[in-house]
Amino acid sequence: MTDLLKTIDDPKDLRELSRDQLPKLAAELREFLVDSVAKTGGHLSSNLGTVELTVALHYVFQTPYDRLIWDVGHQSYPHKILTGRRERMDTLRQYGGISGFPRRSESEYDTFGTAHSSTSISAAIGMALGARAQGEKRVAVAVIGDGAMSAGMAFEALNNGGIHKDLPLVVVLNDNDMSISPAVGALNRYLARLMSGRFYAATKKGLDSVLSMAPPLREFAKRLEEHAKGMVVPGTIFEEFGFNYIGPIDGHDLDSLVPTLQNVRRLALDGEGPQFLHVVTKKGQGYKLAEADPILYHGPGKFDPAQGINTAKPSAPSKKTFTQIFGEWLCDMAEADKRLVAVTPAMREGSGLVEFEARFPDRYFDVGIAEQHAVTFAGGLACEGMKPVVAIYSTFLQRGYDQLIHDVALQDLPVVFAMDRSGLVGADGATHAGAYDIPYLRCIPNMLLMAPADEAECRDLLTTAFKQNHPSAVRYPRGAGVGAVVSKELKELPLGKAEIRRSTPGLQGKKVAILAFGTLLYPALEVAPDFDATVVNMRFIKPLDVDLVCKMAQEHDLIVTLEEGAVGGGAGSACLEALSVAGIQVPTLVLGLPDRFVDHGDHALLMKECGLDAAGIRKAIAEKLGIPAKQQAA
Ligand SMILES: Cc1ncc(C[n+]2csc(CCOP(=O)(O)OP(=O)(O)O)c2C)c(N)n1
Ligand SMILES: CC(=O)[C@@H](O)[C@H](O)COP(=O)(O)O
Ligand SMILES: [Mg+2]
């Protein structure tokens, strides 16, 4: 790190700099950013695109008094570095370290927690109106990407924000013509048309210098600007929503950004109404390898910044991830059944759909960051006899929950939800945890819910789900499993049937049965010998294998349930409900994720923290059995 960046421990230090020092600071910030993310892993190309914008925003706006909200927040590392966390960037997304997203608990400069996209404008409107109600004269600024702008929630907010004529609200659209993969949809095409009017931006530059003069000129200049705009660029959709649209301007040119933001802040504070600034940036800006491949560098692991990410195929075949298993199954199933179509809300790479898109382009639908639409759109496809597979992270399916109930389950439409990232996800932390899908799905009539224990079963349960004529969901975790051998068969498993994986006479008369849901089957098998326990691979949360649960309860002295999901309303609760209905009393131990948000960190560490690693499970069972600690240690 060189001499300017290390002097910035707070935006107040930044605002002491002269404007001509800012480009040097931005260069140092960018260099620090690449080196830091290369060491820790994290989001990179989006952050490279916001270096100058971040410098300019903190230079012009009186943060944290003026509120700055980063939509999604994956691009907020420059913000974190400039707001006192430079020295903690080496703890990024690690257990006990700083989050990869803005967190109110982490800094007063993180005015709103984000991570799920498209929330920033809503929050900013709330903050602006809240400030006004308290007689505060501050500006609320939402920085939202072109991808996040495609979500319905963003337009709900524009629709509401535009009616507050004198609201000190600023929306900065960070338009890099990219989502994680290439941006899609009509809005993306519209923005491209706006950007094609670049000559307007040049004219604008001249106007900015006029606008920045003494107030009396401003009214004249504003009329001139309106006239100029009408002359060269038709009114924008954002103006139709009641915002004063300015742009597009170069989001890497501090000489343009700073005066324009000063002008925008002044207009907002002078009651000129909500402002909409359109900045154009490049995803990966300033690091050639990321510029060339912003997708690869969207969320890299650790890498050598000089060499870049090592994309060479590993010598020894590494274990396939559940995502890869899904992607391969999807292509095989598509070959076997022409009715199969795949839907993704802007997560082509993360959900494993790259090959499917290449092979079945006409059966592939990336609907943008629009989970609500994705779910109901799939329902519409199913109404016409198609067999839609919605590839969606468990956490993002939360965004389409009403659509799942109202449009798919209630009409009993055969949509398959391939829910990746179920359970804890590790580095992305609580906002991305797939902790709640068991409770939030098993309560819905007509819904089928499955949890494979390993890669082979994942393929089989995907086939099983696809073969049903009902809405169904298969939940599987981020990353690889135990490495089970996966056949090329498209094998359907008997619906609602669990399988006993280990049964024994039991320990000192204390017969324990462990009912494992999903990948926790394997730690269950690891600890079973300590208690000579029976182990059941439950496979199905809904329909639950009630007969087997009752049989196990009648034949054992303790029933243990295991799931990598919230205990509240989870699979264990389903077992307790079944026993209650059957009138069977038996000691039970329900193990799963605790009733608190589990933060970011290494997945194994988090599972240990939650008592869901083998040692934790062993300890919990021993304590329940009243086996003394020394014997536990044995
Ligand atoms: C509701 C929701 N769906 C999906 C995602 C996953 N996601 C994270 S960043 C991203 C792309 C965002 O594109 P854009 O807003 O243009 O930001 P950029 O990365 O281009 O800076 C997506 C789809 C998310 N965070 N939230
Ligand atoms: C910011 C965001 O929401 C995505 O980039 C997400 O972090 C991807 O998660 P995975 O790394 O598990 O694909
Ligand atoms: Mg973008």
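These values consider heavy atoms only, across backbone and side chains, with no hydrogens, waters or symmetry-generated copies. Atoms within each ligand, like the ligands themselves, are counted from 1 in listed order.
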Report task. Would you check, one step at a time, whether the test ring pair (Phe, Tyr, Trp, His ring centres under 6.0 Å) holds for Tyr364 with Phe360? Result -> CA-CA 6 Å; Tyr364 169 78; Phe360 308 95; over 10 Å; no

Requested in this report: Start with the C-alpha gap between Glu371 and Ile369, add the side-chain angles, then the distance that decides, and say whether side-chain contact (heavy atoms from CB on, under 4.5 Å) holds.
Outcome: CA-CA 6 Å; Glu371 287 82 5; Ile369 308 180; 4.1 Å; yes

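Every protein residue with a heavy atom nearer than 4.0 Å to ligand 2 is included here: His43, Val72, His74, Phe101, Ile180, His298, Tyr393, Phe396, Arg421, Asp428, His432, Arg478.
Between Tyr109 and His58, the two ring planes are perpendicular [angle over 60°; tilted spans 30° to 60°]. Classified by interplanar angle (parallel below 30°, tilted 30° to 60°, perpendicular above 60°), the ring pair Phe243/Phe276 is perpendicular.
A distance below 6.0 Å separates the ring centres of His432 and Phe101.
Checked for salt-bridge contact, Glu357 and Arg348 meet the test: a charged N lies under 4.0 Å from a carboxylate O. Ionic pairing of Glu106 and Arg85 is present here: one or more N-O contacts between side-chain nitrogen and carboxylate oxygen are shorter than 4.0 angstrom.
Residues Ser256 and Asp250 bring no donor and acceptor atom of their side chains to less than 3.5 Å of each other. For the 3.5 Å distance criterion, the side chains of Ser351 and Asp420 fail to qualify, holding no donor opposite an acceptor.
Taken from CG in Leu92 to CE in Met89, the straight-line distance is 5.0 Å, to the nearest 0.5 Å.
Residue Arg359 qualifies as enclosed at atom CZ: its count of foreign heavy atoms under 6.0 Å is above 12.
Below the 2.8 Å limit, the Mg ion (ligand 3) has as protein N, O or S neighbours Asp146 OD1, Asn176 OD1, Met178 O.
Applying the salt bridge (Lys or Arg N to Asp or Glu O under 4.0 Å) test to residues at least two apart or on different chains, the pairs with a partner in residues 46-59 are Arg30-Glu52.
Taking the side chain as every heavy atom from C-beta outward, Lys283 and His298 approach each other to under 4.5 Å.
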Short N or O contacts of ligand 1 with protein, under 3.5 Å, listed by atom name?
residue	atom	partner	partner atom	Å
ligand 1	3 (N)	Glu371	OE2	2.7
ligand 1	15 (O)	Ala148	N	2.9
ligand 1	16 (O)	Asp146	N	3.3
ligand 1	16 (O)	Asp146	OD1	3.0
ligand 1	16 (O)	Gly147	N	2.7
ligand 1	16 (O)	Met178	O	2.9
ligand 1	19 (O)	Ser46	OG	2.9
ligand 1	19 (O)	His74	NE2	2.8
ligand 1	19 (O)	Lys283	NZ	2.7
ligand 1	20 (O)	Asn176	OD1	3.1
ligand 1	20 (O)	Asn176	ND2	2.9
ligand 1	20 (O)	Met178	O	2.9
ligand 1	21 (O)	Asn176	ND2	3.4
ligand 1	25 (N)	Ala115	O	2.7
ligand 1	26 (N)	Ser117	N	2.9

